[in-house]
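Here you go, one structure.
Because the structure is predicted, anything quoted here is derived from the model rather than measured.
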Amino acid sequence: HLALGDVAGKGLGAALLAAKLQATLRALATDSESLPEIGARTNRIFCRDGLPNRFATLLYLELRAGSGQIRLLNAGHMPPLHSHGQGIETLPPVALPVGIRADADFTEQNLEVGEGDLVLLYSDGLSEAANEHGQMFGDDGVRELLGRVQGMSAAGAGAAILEELSRFVGESRPFDDMSLAVLRRWPSPSPSGTDR
């Protein structure tokens, strides 16, 4: 399981909401039957206990060991980018953030990741990072950068993305926090024990 969330607002209230989101997911993940159920139950808790104008976006993934199948729940978060030999695909947004509307619907999405593919999960702090001239890194900048790190390991790709972002921002102070996770599916070992 892998989760990435982004809470609206700043300061202590946002930090407490982020801790609540983490605790809620840990509690619900083990006894929920489906990803839409996790989304709906998390949303109801946030709508019941949350503060006005406070909500959270959420990506919640279930990875299947030994396969390229990823099941995911996207509640208003930046859609994951899937980089493969034919280009970069983006899954469509399908649900509201948690904590906005108690009757919101949530949908499970599926992603098939081939050997050598990269998947980038990130918060809007990456695409909205601005340099000293007020230019944003932008969605196109993120996609272009992901294409350049395609052959790297997940750790190498993550480090290269952060290095490029730091170079782009320069001396400008970040406006928003930034989170990212990079997944890479390595080729399976051949039956003889040597890599293909």
Inter-residue atom distance Leu2.CG - Leu72.CG, 0.5 Å rounding: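 These two atoms lie 10.5 Å from each other.
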
Side chain Asn131, main chain Gln135, donor-acceptor under 3.5 Å: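 Here the side-chain-to-backbone pair exists.
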
Any donor-acceptor pair under 3.5 Å from Gln150 side chain to Gly116 backbone: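 Pair found, side chain donor or acceptor close to backbone of Gly116.
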
Pairwise side-chain contact, Glu164 with Arg148, heavy-atom cut-off 4.5 Å (strictly under):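 In short, these two side chains touch, coming nearer than 4.5 Å.
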
Minimum-distance pair of heavy atoms, taken over all atoms of Leu126 and Phe137: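 So the minimum-distance heavy-atom pair works out to O-CB, 3.6 Å.
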
Shortest non-hydrogen contact between Pro97 and Phe55, atoms and distance: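 Of all heavy-atom pairs spanning Pro97 and Phe55, the closest is CB-CD1, 3.6 Å.
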
Gap separating the CD1 atom of Ile70 from the CG atom of Leu111, nearest 0.5 angstrom: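 So the CD1 of Ile70 and the CG of Leu111 are separated by 5.0 Å.
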
Met78 with Leu118, same ILVMFWY side-chain cluster at under 4.5 Å: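 They do share one cluster, since a chain of ILVMFWY contacts under 4.5 Å joins Met78 to Leu118.
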
Asp117 side chain to Gly114 backbone, donor-acceptor under 3.5 Å: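 Looks like yes, one N/O pair under 3.5 Å.
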
Working for side-chain contact (heavy atoms from CB on, under 4.5 Å), residues Leu183 and Leu61: CA-CA 11 Å; Leu183 308 174; Leu61 285 74; 4.1 Å; yes

Donor-acceptor under 3.5 Å (Thr90 side chain, Pro79 main chain):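 Side chain of Thr90 to backbone of Pro79, a donor-acceptor pair under 3.5 Å: no, none is there.
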
Intermediate values then yes/no, side-chain hydrogen bond (donor to acceptor under 3.5 Å, both in side chains), His77 and Asp6: CA-CA 8 Å; His77 201 81; Asp6 193 8; 5.6 Å; no

Salt bridge (charged side-chain N to carboxylate O under 4.0 Å, His left out) between Arg41 and Asp31, intermediate numbers included: CA-CA 11 Å; Arg41 291 175 69 187; Asp31 69 345; 3.5 Å; yes

Beyond-backbone contact of Leu180 with Leu162, side-chain heavy atoms, under 4.5 angstrom: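 Result yes, sub-4.5 Å side-chain heavy-atom pair found.
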
Nearest-0.5 Å distance, CG of residue Leu81 to CG of residue Leu146: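 So the gap between those two atoms works out to 6.0 Å.
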
Least distance between heavy atoms, Ala56 atom then Leu21 atom: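 Residues Ala56 and Leu21, closest heavy atoms: CB-CD2, 4.0 Å.
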
Under 3.5 Å: donor-acceptor pair, side chain of Glu37, backbone of Glu33: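 Yes, Glu37 side chain to Glu33 backbone: donor-acceptor pair under 3.5 Å.
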
Lys/Arg N to Asp/Glu carboxylate O, Lys20 vs Asp49, below 4.0 Å: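 Yes, Lys20 and Asp49 are salt-bridged.
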
Short side-chain to backbone donor-acceptor contact, Arg185 and Val113, under 3.5 Å: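 Here the side-chain-to-backbone pair exists.
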
Hphob cluster co-occupancy, Leu145 + Met152, side-chain heavy atoms under 4.5 angstrom: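 Leu145 clusters together with Met152.
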
Shortest non-hydrogen separation from Asn74 to Ala95 and the atoms involved: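 Taking every non-hydrogen atom into account, O-CB, 3.5 Å.
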
CG-CZ distance between Asn43 and Arg48, expressed to the nearest 0.5 angstrom: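 Atom-to-atom, Asn43:CG and Arg48:CZ are 11.5 Å apart.
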
Val182 reachable from Leu121 in the ILVMFWY side-chain graph, under 4.5 Å edges: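 No, it is not one cluster - the side chains of Leu121 and Val182 are not joined through contacts under 4.5 Å.
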
Asp140 CG: over 12 foreign heavy atoms closer than 6.0 Å: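 No, not enclosed.
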
His84 (side chain) donor-acceptor with Gln86 (main chain) under 3.5 angstrom: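 Yes: the side chain of His84 pairs with the backbone of Gln86.
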
Shared hydrophobic cluster, Leu91 / Leu4 (ILVMFWY, side-chain heavy atoms < 4.5 Å):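 Yes.
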
Interatomic distance, Tyr122 atom OH to Leu165 atom CG [nearest 0.5 angstrom]: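 Separation between the atoms: 12.0 Å.
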
Test log, rule side-chain contact (heavy atoms from CB on, under 4.5 Å), inputs Val94 and Gln109: CA-CA 9 Å; Val94 291; Gln109 294 177 296; 3.5 Å; yes

Thr24 side chain near Val98 side chain, heavy-atom distance below 4.5 Å: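 Side chain of Thr24 against side chain of Val98, heavy atoms only: no contact under 4.5 Å found.
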
Check: Val119 main-chain N/O paired with Arg184 side-chain donor or acceptor under 3.5 Å: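 Between the backbone of Val119 and the side chain of Arg184 there is no qualifying donor-acceptor contact (under 3.5 Å).
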
Distance, nearest 0.5 Å, that separates CZ of Phe46 from CZ of Arg54: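 That separation rounds to 11.5 Å.
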
Note, Glu62 side chain near Gln69 side chain (heavy atom, < 4.5 Å):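 Result no, sub-4.5 Å side-chain heavy-atom pair not found.
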
Co-membership, hydrophobic cluster, residues Leu58 and Val7, 4.5 Å side-chain: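 They do share one cluster, since a chain of ILVMFWY contacts under 4.5 Å joins Leu58 to Val7.
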
Parallel, tilted or perpendicular: ring planes of Tyr60 versus His1, cut at 30 and 60 degrees: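 Tyr60 and His1: tilted rings.
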
